[in-house]
There are 2 protein chains.
Amino acid sequence: MQKRAGKKRANLRDVASKAGVSVATVSRVMNNPDSVAPDTRERVETAMRALHWTPSAAARAINSGRTRFVGALVPTLDSDIFARVLAEMESRLALHRLSLVVATTGGDADIEAQKAQALLDIGAEGLLVSGAAHSPEFRALLERTRLPAVATSWYDPDFLLPTVGYDNRAAANLALGHLADLRHTRIAVLHGPVENNDRTEARLSALRESDVELSFHQTALSVAGGRDATREVIRATPQPSALLCLSDVLAAGAIYECHHAGIKVPQDMSIIGTDDLPGSSQLHPALTTVHLPVGRMGRIAADAIANWVEAHQRPADRLLDIELMVRETTAPPVG
Amino acid sequence: MQKRAGKKRANLRDVASKAGVSVATVSRVMNNPDSVAPDTRERVETAMRALHWTPSAAARAINSGRTRFVGALVPTLDSDIFARVLAEMESRLALHRLSLVVATTGGDADIEAQKAQALLDIGAEGLLVSGAAHSPEFRALLERTRLPAVATSWYDPDFLLPTVGYDNRAAANLALGHLADLRHTRIAVLHGPVENNDRTEARLSALRESDVELSFHQTALSVAGGRDATREVIRATPQPSALLCLSDVLAAGAIYECHHAGIKVPQDMSIIGTDDLPGSSQLHPALTTVHLPVGRMGRIAADAIANWVEAHQRPADRLLDIELMVRETTAPPVG
DNA sequence: TCTAGCTATGTAACCAGTTACATGATCATT
DNA sequence: AATGATCATGTAACTGGTTACATAGCTAGA
């Protein structure tokens with residue numbers, strides 16, 4: 001009466017009875033084939049195929065206590081930077097036989113907490129998060145569950161979590177220093193939205209504390225946004241002699257717009273970016289920018305979380321070097 | 001003698017005994033809090049906190065038979081296109097309360113089969129794959145397990161899996177048709193590697209079958225690759241009057257290189273791309289290209305797989321419209 | 001020929017949850 | 001006061017695997 005006509009997915013017991021062996025034998029065929037006699041193994045494998053049976057990941061996980069995946073929380077996938085970080089993380093985690101579950105937060109700390117909980121609910125063994133801004137709920141979650149988690153894209157040894165990243169303040173200062181060395185004094189800063197972006201915020205705060213006079217221009221984080229902001233900046237009198245862009249995409253827009261407006265780069269306008277995207281060296285003229293080691297960061301963070309998950313070893317914080325890439329878009333101001 | 005000093009992770013039974021209730025009551029607090037008296041609930045929640053307890057995802061999954069995540073297999077994350085598709089998929093799947101596990105294949109069909117198995121091993125309920133090239137092992141896996149899976153980035157109603165995508169041959173023909181309409185006759189085709197890239201292959205085969213005389217130039221799929229190929233093309237005599245690029249990044253490189261070489265676009269050289277990346281309309285001059293609806297594709301594929309997984313309904317194939325975006329890089333040839 | 005040791009396999013407990021069903025207490029109804 | 005309904009909670013079976021331990025059959029050494 002109970003056993004209805006098939007419908008349900010087969011389980012290990014079904015396979016065992018079909019093959020005329022015990023459950024232990026079936027399990028052995030899966031995990032330790034050598035310990036089973038060849039003809040028995042054969043029979044079991046035939047039964048598996050006949051029943052379309054695949055072991056249930058959940059049932060295995062319940063015994064091993066392992067799910068073999070970690071979660072990554074990023075503001076957006078629709079950005080060269082995060083896509084590259086994730087690409088590196090994914091391939092690095094694969095080496096540790098770990099998978100990567102991606103969740104986007106839109107930069108919203110509440111959504112981050114929510115998605116972190118969702119990742120936990122589906123069994124993530126660890127978390128990779130980006131940036132410094134996290135909600136109290138998120139912190140509470142980490143403390144309550146003691147889940148291994150590594151923060152990237154910034155560096156702060158005092159943070160609740162181990163951080164793997166670069167110094168965003170230093171990155172901004174490096175760009176500014178380069179322009180100052182060239183004797184630029186009228187500098188406009190182009191940056192993306194600050195709400196929900198602690199990295200931009202850190203860079204801006206470093207600039208604000210410098211003793212150089214700067215004008216700040218917030219715009220959309222896109223090539224078009226860079227063009228818009230540049231259009232506005234070049235209307236000012238006196239016109240700035242340099243554009244410090246906190247992102248390479250803005251710098252690309254700035255180059256286009258200067259070109260469009262007949263302003264010569266770098267003679268009439270110096271432009272410096274931040275990121276060093278793969279295409280930036282191919283812009284015309286080639287973009288001077290601050291190289292952020294995002295690929296390396298992804299690899300290191302992946303190794304760190306893998307080691308924490310597997311060997312229960314909390315990783316050390318890692319400060320990664322940034323580097324000024326002087327190319328063709330910066331020069332001393334004329335006059 | 002048995003109960004060692006703590007070490008192990010607490011389970012639901014530990015919480016129950018600590019709170020002085022039964023396991024069922026603890027479970028109710030988690031899943032149906034209203035059915036538990038407020039003070040009892042309070043006691044249970046206190047016990048949970050005290051023991052740092054979080055329910056095991058695996059144990060839940062074993063009962064529900066659900067893991068609530070699907071896997072996505074993409075050639076690479078390091079590409080605007082796939083990053084955007086995944087971004088859309090992720091946010092769309094979140095609406096269905098499904099998570100997305102990302103795996104990259106490098107375009108290698110064997111690695112794809114391998115990673116598909118790995119995704120299955122960790123419990124993926126469905127798969128999103130891209131392109132047409134798959135190994136026999138991969139097909140066998142799908143047939144054996146009957147795992148819901150949807151293929152994207154191309155369209156073929158005869159394929160083993162439901163496909164959601166556009167017609168790559170039509171995309172190439174649309175670009176070629178535009179150049180032909182402008183009366184270009186000497187056209188060079190720039191394309192990325194064909195090995196492990198069935199989409200490029202499909203576009204090329206459509207072009208080869210056309211009655212227009214074309215020269216083909218394979219290069220690296222990057223801005224630099226586009227520049228290299230263009231440098232080579234413009235050396236030829238007679239010089240082609242148009243560059244048909246099967247990818248927008250190549251077209252961007254082509255624009256830069258023409259600019260560099262003093263060739264006026266579109267007067268002396270027409271350039272057309274394929275993809276319509278967000279930055280393409282911001283290039284200078286703005287790139288004429290074939291718009292591929294990758295964002296929409298991601299959303300539709302995500303809905304399709306979610307519906308299949310949840311409602312056991314195999315989705316229908318979906319052919320998505322492509323569109324010619326005429327902007328500033330194409331014009332009739334001079335002379 | 002007896003026994004020790006090995007191999008192939010089976011039995012049943014176990015992992016950490018969920019849930020059908022049972023139970024006892026409280027409350028309203030007649 | 002007896003009856004029935006409702007509510008809060010408990011008991012135990014169940015999910016689908018793994019594995020410690022038991023056992024039967026066979027071989028080899030003394």
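Every chain is numbered from 1 and lettered A, B, ... according to where its sequence line falls, protein lines coming before strand lines. Atoms considered below: every heavy atom in the structure, side chains included; atoms not considered: hydrogens, waters and symmetry mates.
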(request) Specify the closest pair of heavy atoms between Met297(B) and Gly165(B), including all atoms of both residues, with the distance to one decimal. (result) SD-CA, 3.9 Å
(request) Enter the distance from Asn11(A):CG to Ser56(A):OG here, rounded to the nearest 0.5 Å. (result) 9.5 Å
(message) Using a 3.5 Å distance criterion without hydrogens, assess whether the side chain of Asp108(B) forms a donor-acceptor pair with backbone atoms of Ile111(B).
(response) yes
(message) Can you see whether Asp317(B) engages Thr163(B) through a side-chain donor-acceptor pair at a distance of less than 3.5 angstrom?
(response) yes
(request) May I ask you to list the residues of residues 25-41 of chain B, by number, that have any heavy atom positioned under 4.0 Å from an atom of DNA chain D? (result) Thr25(B), Arg28(B), Val36(B), Ala37(B), Thr40(B)
(message) For the backbone of His52(B) and the side chain of Arg9(B), can you confirm whether one donor and one acceptor N or O come within less than 3.5 Å of each other?
(response) no
(request) Could you check Leu93(B), Leu127(B), Val101(B) and say which one makes a side-chain contact (heavy atoms from CB on, under 4.5 Å) with Val70(B)? (result) Leu93(B)
(request) Please work out which residues in residues 113-127 of chain B have a non-hydrogen atom less than 4.0 Å from an atom of DNA chain C and list them by number. (result) none
(message) Checking contacts here: which listed nucleotide (dG10(C), dG10(D), dT18(C)) is nearest the side-chain heavy atoms of Val21(B)?
(response) dG10(D)
(message) Contact list please: residues 44-70 of chain B against DNA chain D, heavy atoms, distance less than 4.0 Å, in numerical order.
(response) Ile62(B), Asn63(B)
(message) So, applying side-chain contact (heavy atoms from CB on, under 4.5 Å) with Val29(B), which one of Glu42(B), Arg43(B), Arg41(B) is it?
(response) Arg41(B)
(message) Within a 6.0 Å radius of atom CZ on Arg97(B), are there more than 12 heavy atoms belonging to other residues, nucleotides or ligands?
(response) no
(message) Determine whether a donor-acceptor pair (N or O, by modelled atom type, separation under 3.5 Å) exists between the side chain of Glu90(B) and the backbone of Ser99(B).
(response) no
(request) Can you tell me the distance, in whole Å, between the CG atom of Leu12(A) and the P atom of dT15(D)? (result) 13 Å
(message) Please report the distance, rounded to the nearest Å, between CZ in Arg13(B) and P in dT19(C).
(response) 14 Å
(message) Can you tell whether the side chains of Glu310(B) and Arg68(B) come within less than 4.0 Å, N to carboxylate O?
(response) yes
